Amino acid sequence: MSMKVRKAVFPAAGLGTRFLPATKAQPKEMLPLVDKPIIQYGVEEAMASGCDQIIIVTGRGKQSIEDHFDVSYELEKMLEERKKTDLLKIVRSISDMIHVAYVRQKEALGLGHAVLMARELVGNEPFAVLLADDVIDARVPCLKQMVDVFNEMQCSVIATQVIEGKAISAYGVLDVKPVSSRFGERLVEIKNMVEKPRFEEAASNLAVVGRYILTPAVFDCLSNIQTGAGGELQLTDGMRLLLKKEKMYAYLYEGKRHDAGDKLGFLKATVEFALKREDLGKPFREYLKGLKL
Ligand code: G1P
């Protein structure tokens, strides 16, 4: 019987240092792109890809994420009384969205450690991991594209993207080989992967992007890793151990990724998302055109 991806894990316990001071007292996952917190884009993508259980790995100071996906009685009551039905619909749609479970990562020891915290809630089934910082704008949601691959291959699948030049050193980097499948050149088999290698040592220009579908065997691997790049327990190192036991694939997804965890990436994403909005696009475009740049 084939396995289905029902659960999506969102590591959200990081300190958000790239976005200080905004993230001093506020989780970076709650920074809004136009009017929606970045983590909600990811949660909506997971749901649109068939996941019906969301697991958020949180840490200290992340209460507002839980509040965001919870019912807000006072706000709903006030909007009801003032007959603000449109806003009420928006607010209710978030809390009605889905079942969200939380698990705490007591210390920010790294992405690999964060994913390991979800072990009990995930259990013995394949699951998705989404890094909220990577906001991916795609016709078919990126995770959905990967679920299609998983359903056929029944092996772990990682999203990948070509990154030219020295910037590759900021990513997990893949060493791959071609594979024949109905997904054509977009699907490759992973031979090896290294977290944040030096540019001269990078095996390719294929970077790991923050969307993963993993088999539960990765948990044993993650409980056996040592501190890696940046002094952290790295998911990439856990997946490298998984490679010794199982085949893994990388998928060159169709879509545009924004690094919303980076100030410039966040600004670009804000502009692009605002331009696409029905209610804001036109006046915002006019405003931008009027800027003497
Ligand atoms: C994490 C992963 C890295 C991946 C990147 C994608 O790194 O460790 O392998 O390439 O996300 O955004 P971070 O950006 O948290 O340093």
Side-chain angles (χ1 to χ4, degrees), residues 8-20 23 27-29 31 33 38-39 41-42 45 57 59 105 107-118 128-138 142-143 146 156-176 188 190 192-199 201-214 218 221-222 225-243 248-253 255-266 268-269:
V9 175
F10 288 79
L15 298 175
T17 46
R18 285 198 290 164
F19 233 112
L20 282 168
T23 48
K28 65 172 174 177
E29 294 79 11
L31 295 173
L33 275 183
I38 62 173
I39 192 165
Y41 288 89
E45 180 183 329
V57 184
Q105 183 188 18
E107 286 174 281
L109 297 179
L111 183 57
H113 181 253
V115 173
L116 186 57
M117 295 298 103
V129 176
L130 293 93
L131 307 185
D133 280 4
D134 283 336
V135 178
I136 301 177
D137 192 13
C142 176
L143 188 66
M146 297 165 68
S156 299
V157 188
I158 304 176
T160 185
Q161 175 192 340
V162 170
I163 297 284
E164 303 291 359
K166 295 200 165 152
I168 193 79
S169 289
Y171 296 85
V173 179
L174 301 174
D175 189 5
V176 301
V188 286
I190 302 174
N192 195 13
M193 61 181 95
V194 177
E195 181 67 16
K196 299 188 175 62
R198 290 180 30 212
F199 173 58
E201 283 157 17
S204 75
N205 58 6
L206 290 178
V208 173
V209 168
R211 298 287 183 280
Y212 313 76
I213 294 176
L214 299 168
V218 77
C221 302
L222 286 171
I225 54 172
Q226 309 289 319
T227 307
E232 296 190 348
L233 295 168
Q234 295 290 353
L235 177 58
T236 302
D237 293 335
M239 294 191 299
R240 199 172 48 245
L241 293 183
L242 184 62
L243 262 180
M248 293 182 73
Y249 295 95
Y251 188 70
L252 276 149
Y253 63 93
K256 181 163 185 188
R257 163 181 164 268
H258 297 279
D259 182 1
D262 168 76
K263 288 178 191 174
L264 184 59
F266 184 86
K268 289 179 184 171

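This chain uses plain numbering: 1 for the first residue, then up along the sequence. Counting convention: from 1, in listed order, for ligands and their atoms alike. Keep in mind it's a predicted model, so treat the numbers as computed, not measured.
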key: Atoms of ligand 1, numbered as shown, that sit under 4.0 Å from any heavy atom of T236   = 9 (O)

inquiry  = Could you work out, with salt bridge (charged side-chain N to carboxylate O under 4.0 Å, His left out) as the rule, every residue matching E201, not counting sequence neighbours?
reply    = R198

query = What atoms of ligand 1 come closer than 4.0 angstrom to any heavy atom of Q234?
reply = 8 (O)

Atom 4 (C) of ligand 1 - nearest protein heavy atom and its distance = V208 O, 3.3 Å

key: Protein heavy-atom partner closest to atom 8 (O) of ligand 1 - residue, atom, separation in Å   = E195 OE2, 2.8 Å

query = D237: what forms a side-chain contact (heavy atoms from CB on, under 4.5 Å) with it, not counting sequence neighbours?
reply = I225, Q234, R240

key: For Y171, the ligand 1 atoms whose distance to one of its heavy atoms is below 4.0 Å   = 10 (O)

key: SB check R211 D134 (cutoff 4.0 Å)   = no

ask   = Which ligand 1 atoms does K196 reach within 4.0 Å, using its non-hydrogen atoms?
value = 7 (O), 13 (P), 16 (O)

inquiry  = Counting only heavy atoms, tell me which of V209, L174, L131, V173 gets closest to atom 11 (O) of ligand 1.
reply    = L131

query = For ligand 1, which atoms, with element, lie under 4.0 Å from some heavy atom of D134?
reply = 6 (C), 12 (O)

request  = Check the pair I158, M193 against side-chain contact (heavy atoms from CB on, under 4.5 Å), reporting the backbone distance first and the verdict last.
outcome  = CA-CA 11 Å; I158 304 176; M193 61 181 95; 3.8 Å; yes

query = Just by distance, do the side chain of Y41 and the backbone of L33 share a donor-acceptor pair under 3.5 Å?
reply = yes

task = Kindly state if atom 13 (P) of ligand 1 has a protein heavy atom within a strict 4.0 Å cut-off, that is, under 4.0 Å?
result = yes

